[in-house]
Number of protein chains: 2
Amino acid sequence: MEIYDLSERKRRILAAIIESYIDTAEPVGSKALAEAAGLGVSSATIRNEMAELKELGWLEQPHTSAGSVPSSRGYRAYVDYLMQRYHVSEQESKRTQAFLESRVAELERLIAEAGKLISELSGYPSLTMTPKRSGVAIRHINLVPVDPYQFVLVLVTSEGTVKNNLCRTRQPLPTELLYEITELLNRRLAGVELSQVSVMEIAQLRRSLGEFEFVLQPVLQIIHEAAMAMENPEVILGGEGRLLEQPEFRDIGRMKEFLDFLQDNEARRQVLSPAEGHEGITVTIGQEHPLEQLRDSSVIMGNYRIGDRPVGVIAILGPTRMDYPRVLGQFEYFTNGLNRLLQELFEPPDQ
Amino acid sequence: MEIYDLSERKRRILAAIIESYIDTAEPVGSKALAEAAGLGVSSATIRNEMAELKELGWLEQPHTSAGSVPSSRGYRAYVDYLMQRYHVSEQESKRTQAFLESRVAELERLIAEAGKLISELSGYPSLTMTPKRSGVAIRHINLVPVDPYQFVLVLVTSEGTVKNNLCRTRQPLPTELLYEITELLNRRLAGVELSQVSVMEIAQLRRSLGEFEFVLQPVLQIIHEAAMAMENPEVILGGEGRLLEQPEFRDIGRMKEFLDFLQDNEARRQVLSPAEGHEGITVTIGQEHPLEQLRDSSVIMGNYRIGDRPVGVIAILGPTRMDYPRVLGQFEYFTNGLNRLLQELFEPPDQ
DNA sequence: GATTAGCACTCTTGTGGGCTGAGTGCTAAC
DNA sequence: GTTAGCACTCAGCCCACAAGAGTGCTAATC
């Protein structure tokens with residue numbers, strides 16, 4: 001039974017129930033609905049319609065003498081066909097624009113900020129996957145002396161991402177020597193892909209460095225870390241405190257369980273898995289999500305892209321009773337802007 | 001009335017009550033106490049003693065027919081005189097040692113990690129103030145080209161801290177030129193204190209740069225940011241989810257109120273204010289803390305030092321009903337180790 | 001004089017009954 | 001097809017009541 005096989009009136013009733021439930025988190029009764037939504041029919045009629053909607057699986061009843069609550073299927077129909085488009089408010093649009101114009105150029109930072117903002121705008125926690133890009137190369141390595149026993153190792157990638165580490169040595173390293181090593185490292189490694197730094201090169205470098213071979217260790221370490229970060233993206237959770245506002249998390253045990261589940265990076269990645277290899281915005285509602293732990297939650301997620309390549313995911317997490325029109329509207333507006341910005345920043349037309 | 005004016009037995013009873021309350025979060029009655037704690041006296045005797053302890057303000061009663069609960073003053077006496085020293089477990093000691101040997105050399109990262117670990121060990125949220133140091137100078141500035149329209153700006157301080165920013169330009173910047181600018185910047189700025197970058201120098205630099213003056217803007221920006229970070233430390237909150245385990249935060253409204261209060265960096269700084277200018281470990285219990293919002297919480301805090309100069313604060317936050325022996329023991333062990341490490345890392349004997 | 005047994009009294013907490021009101025489901029009339 | 005009407009259901013609330021833990025006091029005991 002598809003949603004468009006239902007009568008217009010049934011659809012309107014279904015939408016009205018969902019909206020009321022989203023608003024109040026209380027099961028919706030026929031009488032209240034007859035009064036509130038101007039459908040022009042009596043509660044008895046609505047009751048009959050509701051009975052059918054229940055039979056067909058669009059609605060559920062927490063117990064016999066209670067009002068109705070949307071089923072996952074009901075929400076799905078609402079999201080896909082019934083809901084009205086939401087237009088972002090001026091204030092929301094302003095904040096989004098301000099963010100997009102802030103011109104944070106480094107991709108990772110930009111995405112981190114994006115996660116914060118979308119969580120603030122929507123009022124729900126956000127998940128952001130750090131960008132995963134292949135073919136990232138070493139652009140530049142720099143060893144900056146801090147004092148005779150310390151130097152800072154700075155690695156700049158072809159992406160403009162910087163990794164750095166403060167290193168200590170047992171023996172003093174003359175400044176001059178550090179510069180020489182810097183030059184040597186750059187001659188050998190600049191332009192090489194992070195994941196392609198080969199055993200041969202390392203062996204060669206080791207030989208060239210002679211007694212200062214130990215400098216190599218932190219360098220390899222940081223290259224390895226940078227490569228790992230590119231290959232194994234982290235998923236960052238933000239704004240989780242906002243869940244406390246949701247009545248479905250009034251139970252502290254449930255809240256804790258949910259947060260504990262989200263502690264693990266692997267779990268967070270799995271939360272976002274439905275978005276991977278999927279164009280546009282993906283919404284999973286309740287049981288639709290493969291993860292058992294999300295059976296009462298909905299996830300709105302979308303890839304962010306550079307050129308045509310999706311490089312990461314950004315998402316909002318909330319109870320199934322989410323304010324879909326508002327949040328989806330905000331999310332769409334926001335991710336469109338974000339993708340446009342990324343396009344502009346990372347794929348300039350003249351390249 | 002000082003604690004040592006009380007009879008030995010009263011003190012033992014007080015300690016037993018506090019320990020039981022810390023353990024169970026339930027008011028302690030005379031009967032239960034007589035059975036559990038092997039004091040060798042009847043509940044009636046304990047009752048009489050408890051009545052006196054209440055009169056003298058060491059205990060409180062939530063309502064007439066309930067057991068006793070320690071007052072702030074009671075906890076204070078417990079912490080200062082009554083409690084038994086706790087010896088960190090092998091596992092705790094191992095984890096602490098592993099952390100201290102991990103040799104994260106950069107101060108800010110080290111402190112951030114320290115906050116995470118102490119929160120994990122103690123089971124309470126932690127607050128860590130980022131190090132505040134004066135006299136930090138620019139060690140090195142580097143502009144690394146990423147593509148013709150982008151370069152990475154890297155600032156290394158005399159502390160070994162790295163700040164970086166990816167910058168975009170409207171006009172292409174030849175690599176050669178970037179190197180020249182880098183050299184110029186270093187000639188003029190290396191060694192200068194962050195807060196002392198003067199208007200004169202800037203004006204001079206501007207003139208020297210001519211049409212490439214625009215490069216100066218992000219440089220000044222990042223110097224400013226780095227200087228601000230040194231002067232205005234941030235206080236980082238971690239492990240706040242662990243509060244959910246505490247029965248005093250079973251009420252979601254209270255939890256939310258508390259977290260909201262801790263959102264603000266200024267508020268977080270004020271939480272740590274009692275530790276400033278105070279040697280060793282500072283404990284504030286309940287109303288002792290100047291902040292009204294902490295009337296039901298205790299804070300364990302201590303400065304971390306470099307040489308003799310305290311440069312920041314690390315703290316644990318919990319309900320007044322905290323496991324003081326355990327947490328104080330862990331905290332002491334941990335901060336001692338941390339300070340030793342900082343001493344070793346940042347004040348080598350041969351300097 | 002300190003300790004303890006005993007007891008009346010207090011107050012929270014848990015439980016069950018009854019009531020209320022929102023809500024359903026059905027029937028019969030419109 | 002719609003609606004009015006009505007019986008029925010059930011969660012939530014209020015209340016009363018009992019249980020239990022605890023105090024505080026008194027009088028007996030060591």
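We use all heavy atoms of the structure for the numbers below, so side chains are in, but hydrogens, waters and symmetry mates are not.
Straight-line distance from the CD1 atom of A/Ile46 to the P atom of D/dT3: 9 Å, rounded to whole Å. Rounded to whole Å, the distance from CZ on B/Arg47 to P on D/dC25 is 11 Å. In this structure, A/His63 atom NE2 and C/dG25 atom P are separated by 12 Å, rounded to whole Å. Between the NZ atom of B/Lys54 and the P atom of D/dT23 there is a distance of 5 Å, given to the nearest Å. Rounded to a whole Å, the OH atom of B/Tyr21 is 14 Å from the P atom of D/dG22. We find that CE of A/Met50 is positioned 12 Å from C1' of C/dG25, with the value rounded to whole Å. As a whole-Å value, the separation of B/Asn48 CG from C/dG6 P is 16 Å. Atom CG in A/Leu53 sits about 15 Å away from atom C1' in C/dG25, given to the nearest Å.
The base of C/dT4 is not paired with the side chain of B/Ser42 by any donor and acceptor separated by under 3.5 Å.
Of the residues near DNA chain C, B/Glu49 and A/Ser68, the one whose nearest nucleotide (by heavy atom distance) lies more toward the 5' end is B/Glu49. Residue order along DNA chain D, read from the 5' end via each residue's closest nucleotide, puts B/Lys31 first among B/Lys31 and B/Ala44. When the nearest nucleotides of DNA chain C are assigned to A/Gln61 and B/Ala66 by heavy-atom distance, the more 5′-ward of the two goes with B/Ala66.
Screening B/Asp23, B/Ile18, B/Leu33 for a side chain to side chain contact (heavy atoms under 4.5 Å, CB included) involving B/Val28 leaves a single residue, B/Leu33.
When all heavy atoms are compared, the tightest approach of B/Gly238 to B/Ser119 is O-OG, 3.9 Å.
For B/Ser65, counting side-chain heavy atoms from C-beta on, the closest listed nucleotide (C/dC11, C/dG23, D/dT9) is C/dC11. Here the side chain of B/Arg9 is nearest to one of C/dA5, C/dT3, D/dG24, namely C/dT3.
When the side-chain nitrogen and oxygen atoms of B/Thr64 are compared with OP1 and OP2 of C/dT10, none of them lie within a distance under 4.0 Å. For A/Ser43, no side-chain nitrogen or oxygen approaches OP1 or OP2 of D/dT3 to under 4.0 Å. Taking only side-chain nitrogens and oxygens, B/Thr45 comes nearer than 4.0 Å to OP1 or OP2 of C/dT4.
Using a 4.5 Å cut-off on side-chain heavy atoms (C-beta onward), A/Pro70 and A/Glu60 make no contact.
Judged purely by atom type and a 3.5 angstrom limit, B/Ser71 uses its side chain to pair as donor or acceptor with the backbone of B/Gly57.
In this pair, B/Tyr324 and B/Tyr78 present their aromatic rings perpendicular. The plane angle is above 60°, beyond the 30 to 60° band.
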